[in-house]
Amino acid sequence: MKDKLIIFDTTLRDGEQSPGASMTSDEKVRIAKALERMHVDVIEAGFPIASKGDFEAVQSVARIIKESRICALARAIDKDIDRAGEALKEAEAPRIHTFIATSPIHMEMKLRMSPDQVLEQAVAAVKRARRYTDDVEFSPEDAGRSDLDFLCRILEAVVDAGATTLNIPDTVGYNVPTQFGELMHNLIERIPNSDKAIFSVHCHNDLGLAVANSLSAVYNGARQVECTINGLGERAGNAALEEIVMAINTRADIFNCETNLDTTQIVPCSRLVSSITGFKVQPNKAIVGANAFAHESGIHQDGVLKSRETYEIMRAEDVGWSANRMVLGKHSGRNAFRTRLQEIGTDFASEVELNEAFTRFKELADKKHEIFDDDLQALVTQTKLSSENERYKLVSLKVTSEMGEIPNASLVVSVDGKEKSASATGGGVVDASFKAIESIVDSKTQLQLYAVNNITSGTDSQGEVTVRMEKEGRIVNGQGADTDIVIASAKAYINGLNKIMQSKERAHPQV
Ligand code: KIV
Ligand code: ZN
């Protein structure tokens with residue numbers, strides 16, 4: 001009998017800490033539903049003390065998701081823990097995850113506390129969290145650079161105080177696999193009450209070792225892995241869920257544990273997260289990259305045709321590569337549309353929204369004969385964006401482009417319900433459109449990134465545009481999708497402006 005490996009997904013919390021990846025409550029619920037469909041055991045939905053928006057997002061996820069355990073993050077501070085407990089009130093299976101730094105550099109420079117004070121605060125936090133739930137996780141932040149004796153002391157104390165999961169983070173991605181595995185082994189061996197808690201691992205990817213370190217910890221006894229879809233996360237990101245899960249599955253001869261995951265949901269979930277956050281997946285990314293199962297060399301192709309195992313260690317369909325089916329077309333009715341949306345885990349709160357999405361679907365089907373699941377996800381994102389209370393809306397756009405002539409854009413943008421028009425020239429029609437928008441809005445933002453991705457293949461595919469904008473240190477990603485990439489670009493720019501203008505203050509857990 002193999003042990004169970006708990007998959008703890010933190011896309012909605014640590015993933016959201018990637019600059020520009022912040023999500024609305026509705027977007028978090030959509031991703032949480034996809035994670036639930038994949039049978040993820042624990043979903044860390046957010047950091048409720050960070051902002052009113054994040055509190056509400058955790059509340060919504062806790063209300064809606066019933067099959068996965070819902071976790072909320074809290075520093076080892078009373079007000080954080082109370083806020084997390086409050087946000088999780090309606091969860092079927094709530095978990096509070098509390099943490100405090102334990103490395104000498106963090107204790108001295110950041111917290112300005114002695115080890116004894118840190119230990120005392122950790123114990124108090126765990127006890128307080130136990131008032132809300134009997135499922136309490138504790139993390140000694142920066143464990144990877146902490147003193148082993150102190151780690152043993154604090155972890156033993158928090159288990160006595162009621163912690164049921166001990167998570168060992170390599171917060172700054174400093175560790176290497178042999179050393180990190182040894183740390184896990186030593187902790188489990190040396191802590192007298194280690195059998196009373198599940199050991200967990202949480203690795204960052206600063207040296208590109210997050211997955212390797214996590215697997216080394218699992219090999220040495222960790223039975224929970226904290227990870228994110230597409231490896232999203234603070235700085236260089238967290239360990240990628242899809243890589244961890246497929247390594248455990250594919251190398252079942254090495255690991256004495258197994259997960260509950262429905263791996264066929266991996267690719268759809270990866271695409272959903274990429275579409276919502278605007279973080280593209282690199283083509284050569286393991287498991288979920290467009291080239292992950294593509295064979296270019298003639299020798300490889302020949303081998304795969306004779307026997308796929310010659311060059312493939314996993315089957316593309318096992319991770320969901322065939323899931324993006326052509327599902328609907330021009331003649332599909334409202335019922336078929338709604339049913340497919342429900343099958344891919346998306347629904348609308350109101351008939352008005354559904355009708356609006358259906359109208360958009362019909363418009364799209366007129367331009368594009370085959371509508372795939374990814375088209376539907378993009379369509380849902382666009383409908384939800386347009387139904388949100390947005391200051392700016394793109395009303396119309398006309399561009400002219402001719403070889404040897406200067407490109408021009410004329411557009412109308414609604415600002416707080418009032419229509420304003422402008423024209424501008426630029427290096428290309430996208431540049432001209434952005435300049436025209438700016439002549440109306442004068443946002444004083446810096447455009448840091450402009451990227452176009454085709455949602456499906458073919459020249460009639462919708463283009464999905466991501467823009468990254470910065471204003472006074474705040475970074476947001478704007479997105480837009482359309483079969484016309486100039487319109488998609490203008491929509492993305494307007495979406496980014498709406499986000500940056502909302503300018504919500506947000507606390508960061510580790511600052
Ligand atoms: O990286 C880290 O240390 C964290 C903790 C909050 C677990 O994200
Ligand atoms: Zn982290």
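Atoms within a ligand are numbered from 1 in the order they appear, just like the ligands themselves. Counting from 1, the numbers follow the sequence of the chain as shown.
If you number the atoms of ligand 1 from 1 as listed, the ones under 4.0 Å from a heavy atom of Ser139 come out as 7 (C). The ligand atoms of ligand 1 that sit less than 4.0 angstrom from a heavy atom of Glu141 are 3 (O). Counting the atoms of ligand 1 from 1 in the order shown, those under 4.0 Å from a heavy atom of His97 are 7 (C). Near His204, with a cut-off below 4.0 Å to any heavy atom, the atoms of ligand 1 are 1 (O). For ligand 1, the atoms sitting less than 4.0 Å from at least one non-hydrogen atom of Gln510 are 1 (O), 2 (C), 3 (O), 4 (C), 5 (C), 6 (C), 8 (O), numbered in the order shown with element in parentheses.
Heavy atoms of Glu226 come nearer than 4.0 angstrom to ligand 1 in no pair at all. In this structure, Gln17 does not count as a contact residue of ligand 1, since none of its heavy atoms falls inside 4.0 Å of the ligand.
Of the N or O atoms in Asp14, one or more lie within a sub-3.5 Å distance of an N or O in ligand 1.
Closest approach of Pro104 to Arg145, counting heavy atoms only: CD-O, 3.5 Å.
When rounded to 10 degrees, the angle formed at the Zn ion (ligand 2) by NE2 (His204) and OD2 (Asp14) equals 100°.
Cation-pi contact between Arg75 and Phe99: absent, since separation from the ring centre below 6.0 Å together with deviation from the ring axis within 45° is not met. With a 6.0 Å cutoff to the six-membered ring centre and a 45° limit on the axis angle, Arg95 does not count as a cation-pi contact of Tyr132.
His202 and Glu137 are not linked by any side-chain donor-acceptor pair at a separation below 3.5 angstrom, with hydrogens and angles left out of the test. No donor-acceptor contact under 3.5 angstrom links the side chains of Gln448 and Gln446, judged on distance only. Counting only N and O atoms by type, the side chains of Asn193 and Asp160 include a donor and acceptor under 3.5 Å apart. Looking only at atom types and distance, the side chain of Thr171 has no donor-acceptor partner in the side chain of His204 under 3.5 Å away.
Contacts with ligand 1 closer than 4.0 Å are made by heavy atoms of both the backbone and the side chain of Thr171. Contacts between Arg13 and ligand 1, counted as non-hydrogen atom pairs separated by less than 4.0 Å, involve the side chain only.
A donor-acceptor contact shorter than 3.5 Å links the side chain of Asn213 to the backbone of Asn175.
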